[in-house]
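Structure first, commentary second.
For ligands, and for the atoms within them, numbers begin at 1 and follow the listed sequence. Here the structure is a predicted model, which means the values were calculated and not measured. Residue numbers run from 1 in the order of the sequence given.
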Amino acid sequence: MDFRLTDDEELFQKVVKEFCTKKLQPRAREIDDKEQIPEDLLQEMAKLRLLGITIPEKYGGPGGSLTMAALAAMEIAQGDISMATVVFYLLEAGWSIIMAKYGTEEAKSDVLPQVVEGKSFLGIATTEPGGGSDLANIKTVARREGDYFVINGEKAFISGIGESQRLGSGGHLTLVRTDAAAGYRGMSFIYVPVATPGISTLLFRDMGRMGISTGQLSYREARVPVRYLLGEENRGFYYAMEGFNAARVLVSAACIGAAEAALNIGIDYCKRREAFGSAIAKFEGVQFEIVEQYCQIEMAKLMVLKAAWMIDNYPNPDRYTLSETTKAVSVGKLYAPQIAFETIKRAMMWYGAASYSKENELEMALRGVMSYMVGAEGALNIIKVILGREILGREYMPYR
Ligand SMILES: Cc1cc2nc3c(=O)[nH]c(=O)nc-3n(C[C@H](O)[C@H](O)[C@H](O)COP(=O)(O)OP(=O)(O)OC[C@H]3O[C@@H](n4cnc5c(N)ncnc54)[C@H](O)[C@@H]3O)c2cc1C
């Protein structure tokens with residue numbers, strides 16, 4: 001067993017950390033206040049080859065591993081603790097893997113180089129107004145007409161709609177029903193540009209991660225070229241599930257980054273703040289909480305990096321199964337948001353009243369991390385359902 005990062009990974013981590021400390025962190029409040037990631041920061045990220053980090057060299061990307069992507073997610077979340085920048089980054093990094101693996105050559109050439117250059121956004125659209133957990137019940141349909149799929153339906157709580165519009169390019173890997181009678185075996189995954197005629201959009205007023213939008217996409221006879229279908233028709237559910245594993249590793253890494261940042265902010269304050277004639281960091285009631293959060297963050301980080309490593313080395317059926325990978329991913333996704341939430345909450349309590357202010361960056365973090373508590377990239381209960389299925393066996397699933 002070797003826990004060291006490679007020389008390349010260490011160097012990469014150092015470069016990303018420097019960008020995040022010097023360039024991103026000073027502008028986190030601006031991102032939250034102005035509700036967008038400044039264009040110059042996106043361009044700097046593109047220059048550092050952070051955008052579309054997992055995209056293969058053939059399509060202009062650096063071909064980075066998921067481990068590298070996760071290391072960067074931790075740093076970016078520490079830089080912009082509101083979580084907006086890391087969400088922009090991780091959606092592209094995670095879902096590009098699926099596009100690169102299953103997309104047609106034409107689609108990949110259309111989309112991926114633009115993502116690397118920061119000229120286009122790539123996200124995912126599975127959730128519908130009727131629910132996001134029970135994906136086998138989605139209602140959005142696509143019918144084949146010649147060289148086009150014609151889409152009707154609605155997706156909701158979709159990240160990156162506003163960014164696609166602002167960049168003038170962008171779209172989502174969209175889960176649609178292509179065989180009404182076949183349940184989850186009748187779904188396809190199609191790249192759908194936001195600007196497709198027949199799509200109308202509505203942006204929501206979110207409570208956090210203000211620099212990246214969420215909203216609704218309504219499709220009325222929206223026509224998308226068949227070349228944007230990923231892989232085989234009616235196998236989209238499986239591609240989406242595969243993508244969720246990679247995306248959830250990155251979400252967990254982002255939460256670890258936010259937790260580390262919050263812990264450091266909290267520790268710094270506890271050393272400075274005095275009460276009863278001593279630094280509050282000397283009180284065991286405070287110190288033990290710091291220790292508990294530190295331990296939880298360290299344990300979760302190991303799990304998340306293990307899951308990234310498993311996906312990078314998959315398939316390796318002699319050593320571990322897909323089920324084991326899914327378990328590692330899910331343990332990370334179940335705990336990392338909760339650890340981040342608890343660390344931020346405790347750090348705010350160490351601050352006392354001084355945390356309850358727009359002047360304090362912890363409030364941005366709390367609002368941002370909450371997105372991963374309530375549902376983004378899978379509600380916590382659903383992650384438990386997945387773990388239950390993998391631990392006990394499919395026959396013990398409460399339904400289907
Ligand atoms: C900020 C933000 C950004 C998002 N971005 C995207 C995006 O880019 N693309 C996208 O497709 N989606 C996105 N989502 C949606 C996200 O994927 C969904 O929130 C998630 O899948 C849960 O769906 P839901 O919110 O409709 O909750 P529901 O599915 O309605 O569930 C409601 C509650 O019931 C619980 N529940 C449901 N079923 C069970 C069960 N079987 N057992 C126990 N408990 C259960 C859930 O855990 C949850 O607490 C985003 C969400 C947020 C908050």
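- There is a protein heavy atom less than 4.0 angstrom from atom 50 (C) of ligand 1.
- For the pair Leu41/Ile31, a side-chain contact is recorded, criterion being any heavy-atom separation below 4.5 Å from C-beta on.
- Of the possible polar contacts, one joining the Arg29 side chain to the Asn360 backbone as a donor-acceptor pair under 3.5 Å is found.
- If you number the atoms of ligand 1 from 1 as listed, the ones under 4.0 Å from a heavy atom of Arg209 come out as 1 (C), 2 (C), 3 (C).
- From the protein, the heavy atom lying nearest to atom 24 (P) of ligand 1 is Gly132 N, 3.6 Å.
- Of the N or O atoms in Leu91, none lie within a sub-3.5 Å distance of an N or O in ligand 1.
- Residue Gly123 places every heavy atom at 4.0 Å or more from ligand 1.
- Each of the atoms 11 (O) of ligand 1 lies under 4.0 Å from some heavy atom of Ala125.
- Nearest protein heavy-atom contact of atom 44 (N) of ligand 1 is Asn381 ND2, 3.0 Å.
- Cation-pi check for Arg177 over Phe237 is not met; the charged atom does not lie both under 6.0 angstrom from the ring centroid and within 45 degrees of its normal.
- Of all the atoms in ligand 1, the ones that sit under 4.0 Å from a non-hydrogen atom of Thr127 are 10 (C), 11 (O), 12 (N), 13 (C), 14 (N), 15 (C), 16 (C), 17 (O), 18 (C).
- Annotation: Phe283, atom CZ; neighbour count of heavy atoms from other residues, nucleotides and ligands within 6.0 Å is above 12.
- The CG atom of Leu51 sits 11.0 Å away from the OG atom of Ser120 when rounded to the nearest 0.5 Å.
- Ranking the protein heavy atoms by distance from atom 32 (C) of ligand 1 puts Ser133 OG, 5.0 Å first.
- For atom 20 (C) of ligand 1, the nearest protein heavy atom (residue, atom name, distance) is Gly375 O, 3.3 Å.
- Grouping the Ile, Leu, Val, Met, Phe, Trp and Tyr side chains by contacts below 4.5 angstrom, directly or via other members, places Leu305 apart from Met299.
- Look at Glu128 and Lys155 and you find a salt bridge, because one of the NZ, NE, NH1 or NH2 atoms lies within 4.0 Å of a carboxylate O, short of that distance.
- Stacking of Arg144 on the aromatic ring of Phe149 is recorded, both the 6.0 Å distance cut-off and the 45° axial limit being met.
- For atom 14 (N) of ligand 1, the protein comes within 4.0 Å by at least one heavy atom.
- Among all non-hydrogen protein atoms, the one lying nearest atom 40 (C) of ligand 1 is Tyr399 OH, 3.7 Å.
- Of all the atoms in ligand 1, the ones that sit under 4.0 Å from a non-hydrogen atom of Ala379 are 46 (C), 47 (O).
- For the pair Arg273 and Tyr269, the cation-pi criterion (under 6.0 Å, within 45° of the ring axis) is not fulfilled.
- Between Arg143 and Glu221 there is a salt bridge, with a side-chain nitrogen of the basic residue lying less than 4.0 Å from a carboxylate oxygen of the acidic one.
- The heavy atom nearest to atom 38 (N) of ligand 1, considering only Ile212, Val87, Ile382, is found in Ile382.
- Note that OH of Tyr191 is 8.0 Å distant from OG1 of Thr196, once rounded to the nearest 0.5 Å.
- Closest protein heavy atom to atom 4 (C) of ligand 1: Phe157 O, 3.0 Å.
- Distance check, rounded to the nearest 0.5 Å: OH of Tyr320 to CE of Met310 gives 5.5 Å.
- For ligand 1, the atoms closer than 4.0 angstrom to any heavy atom of Gly131 are 26 (O).
- Some N or O of Ser159 is nearer than 3.5 Å to an N or O of ligand 1, by distance alone.
- A salt bridge is defined here as a Lys NZ or Arg NE, NH1 or NH2 lying under 4.0 Å from an Asp or Glu carboxylate O, and Arg367 with Asp32 meets this definition.
- The residue from Val385, Ile383, Thr126, Val374 that puts a heavy atom closest to atom 42 (N) of ligand 1 is Val385.
- The contact set between ligand 1 and Ile124, taken as ligand atoms under 4.0 Å from a residue heavy atom, comprises 7 (C), 8 (O), 9 (N), 10 (C), 11 (O).
- At a distance under 4.0 Å, a protein heavy atom can be found next to atom 29 (O) of ligand 1.
- Near Ile158, meaning under 4.0 Å from one of its heavy atoms, ligand 1 places the atoms 7 (C), 8 (O), 9 (N), 10 (C), 11 (O).
- The protein atom (non-hydrogen) at minimum distance from atom 52 (C) of ligand 1 is Ala376 CB, 3.8 Å.
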